[in-house]
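Comments concern the structure below.
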Number of protein chains: 2
Amino acid sequence: MTDPCLPECGVARFLTLLNGPWATLIVRELLRGPHRFTELRDSLPGISPHTLTNRLRQFERHGIVTRTTYAEIPPRVEYELTPLGEGLRDVLDAMGDWALAVPDPGAEVTV
Amino acid sequence: MTDPCLPECGVARFLTLLNGPWATLIVRELLRGPHRFTELRDSLPGISPHTLTNRLRQFERHGIVTRTTYAEIPPRVEYELTPLGEGLRDVLDAMGDWALAVPDPGAEVTV
DNA sequence: CAGCATCCTTCATGATACTG
DNA sequence: CAGTATCATGAAGGATGCTG
């Protein structure tokens with residue numbers, strides 16, 4: 001894709017920052033509060049540390065998430081949404097509301 | 001990704017149905033009204049007919065879009081959102097609202 | 001605990017050419 | 001006009017193993 005971002009299209013910007021299947025799910029988990037790396041990994045069944053790291057780094061770069069390191073033994077790192085990241089709650093809520101109207105994938109209508 | 005869909009997670013369902021960079025942008029265009037194939041292609045700079053076809057077919061299968069063929073010469077086909085697809089307007093609006101708060105990617109804060 | 005390094009797979013997409 | 005067919009690419013993701 002060369003440049004799908006039509007000038008006045010905020011949707012495209014959202015898609016650029018929350019790309020990939022996991023991005024939005026990570027944000028969803030962080031909306032419940034700050035998480036340590038392992039907590040996030042355990043809350044997202046199937047995600048690999050590789051992917052989790054990549055997504056979190058991208059979120060940091062985009063100012064959606066803050067990363068706080070505590071110099072302890074064992075080391076502790078906490079990820080937390082910035083105010084900007086918190087603003088995603090409305091979007092995620094809208095997704096959830098919409099999904100309620102979606103018929104179950106396997107459900108067939110009895111004609 | 002094996003199964004990112006946590007049981008009560010409508011967000012995951014949304015992501016499954018609107019996957020890929022183009023999906024949401026196509027819906028965004030259809031929210032403006034019914035479109036012919038060529039109209040959609042021209043409204044989405046950079047999209048290939050291959051991709052456009054694939055996305056539209058998937059939307060059809062998921063009940064988000066209807067495809068209507070008119071037996072004319074030259075042939076005419078119109079794509080239109082179903083009520084379910086129309087329901088995505090709220091989600092897209094939320095994305096757009098959020099994006100307004102995102103600092104411009106290249107913009108540096110003058111300290 | 002919180003990652004990083006490396007290699008490999010999958011999938012949406014792109015490019016190009018062709019048809020009813 | 002509205003696609004389909006074929007081949008190729010690139011980025012997200014997965015698997016495994018290792019480190020400060």
Side-chain angles (χ1 to χ4, degrees), chain A residues 1-6 11-12 14-27 29-30 34-62 64-80, chain B residues 1-6 12 14-30 34-62 64-80:
Chain A
M1 189 166 48
T2 38
D3 181 33
C5 185
L6 315 178
V11 173
F14 174 92
L15 296 173
T16 301
L17 268 53
L18 277 81
N19 58 337
W22 281 113
T24 309
L25 293 173
I26 295 172
V27 170
E29 194 57 35
L30 286 174
H35 282 65
R36 301 175 62 168
F37 186 87
T38 309
E39 288 173 345
L40 276 174
R41 195 195 53 199
D42 295 343
S43 302
L44 299 164
I47 198 171
S48 63
H50 177 76
T51 298
L52 183 52
T53 300
N54 285 348
R55 298 294 91 201
L56 288 172
R57 291 288 181 274
Q58 181 180 343
F59 289 159
E60 271 191 84
R61 285 198 305 275
H62 291 323
I64 293 175
V65 159
T66 58
R67 177 179 184 271
T68 310
T69 309
Y70 298 91
E72 307 174 355
I73 304 296
R76 185 160 65 97
V77 176
E78 281 204 338
Y79 293 94
E80 187 172 9
Chain B
M1 190 165 46
T2 36
D3 181 32
C5 185
L6 314 179
F14 174 92
L15 296 172
T16 301
L17 267 54
L18 278 81
N19 58 338
W22 282 113
T24 309
L25 293 173
I26 295 172
V27 169
R28 177 179 177 276
E29 194 56 35
L30 286 174
H35 282 65
R36 300 175 63 167
F37 187 87
T38 308
E39 288 173 345
L40 275 174
R41 195 195 54 200
D42 294 344
S43 302
L44 299 164
I47 197 171
S48 62
H50 178 76
T51 296
L52 183 52
T53 301
N54 285 348
R55 299 292 91 201
L56 288 172
R57 292 285 182 275
Q58 182 180 342
F59 289 160
E60 270 191 85
R61 283 198 305 275
H62 291 322
I64 293 175
V65 160
T66 58
R67 177 178 183 271
T68 310
T69 310
Y70 298 90
E72 308 173 349
I73 303 295
R76 185 161 64 98
V77 175
E78 280 205 337
Y79 294 93
E80 187 172 9

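Small disclaimer: the values here were computed from a predicted structure and weren't measured. Below, chains carry the letters A, B, ... as their sequence lines are ordered, and counting in each starts from 1.
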Report yes if the side chains of A:Trp22 and B:Leu15 come closer than 4.5 Å at any heavy-atom pair, otherwise no. no
For DNA chain C, which residues in residues 71-79 of chain B have a heavy atom at a distance below 4.0 Å? B:Pro75
Contact class for A:Arg41 (heavy atom, under 4.0 Å): base, sugar-phosphate, or nothing? nothing
Rounded off to whole Å, could you give me the CG-to-P distance for the B:Leu52 and C:dA12 pair? 15 Å
Measure the distance from CG on A:Leu15 to P on C:dT13 and round it to the nearest whole Å. 11 Å
Nucleotide N/O to protein N/O under 3.5 Å, stretch nucleotides 9-12 of chain D:
residue, atom, partner, partner atom, Å
D:dA12, OP1, A:Asn19, ND2, 3.1

Please tell me if the side chains of B:Leu40 and B:Leu56 come closer than 4.5 Å, counting only heavy atoms from C-beta onward. yes
OP1 or OP2 of D:dC1 less than 4.0 angstrom from a side-chain nitrogen or oxygen of B:Arg36, does that happen here? no
B:Leu44 atom CG is separated from C:dA12 atom P, nearest whole Å, by 18 Å
Among C:dA15, C:dG3, C:dA5, the one nearest any side-chain atom of B:His50 is C:dA15
Using whole Å, what does the distance between atom P of nucleotide C:dT13 and atom CG of B:Leu56 come to? 11 Å
Given C:dA2, is OP1 or OP2 found less than 4.0 Å from the side-chain N or O atoms of A:Arg57? no
From CG of B:Leu25 across to C1' of C:dA12 the rounded distance in Å is 13 Å
In whole angstrom, give the distance that lies between atom CZ of A:Phe37 and atom P of C:dC1. 11 Å
Please report the C-alpha distance between A:Ile26 and A:Ile47 in whole Å, then the side-chain angles of each, then the deciding distance to 0.1 Å, and finally whether the side-chain contact (heavy atoms from CB on, under 4.5 Å) criterion is met. CA-CA 10 Å; A:Ile26 295 172; A:Ile47 198 171; 4.0 Å; yes
Compare the minimum distances between each of D:dG13, D:dT4, C:dA2 and the side chain of B:Thr53, then state the nucleotide with the smallest one. D:dT4
Atom CD1 of B:Ile47 and atom P of C:dG14: how far apart are they, to the nearest Å? 7 Å
Taking the axis from the first five pairs and the axis from the last five, what angle separates them in the helix from C:dC1-D:dG20 to C:dG20-D:dC1, rounded to 10 degrees? 60°
Counting only side-chain nitrogens and oxygens, does B:Ser48 get under 4.0 Å of the OP1 or OP2 atom of C:dA15? no
Of the nucleotides C:dA2, C:dT6, C:dT13, which one has an atom closest to the side chain of B:Asn54? C:dT13
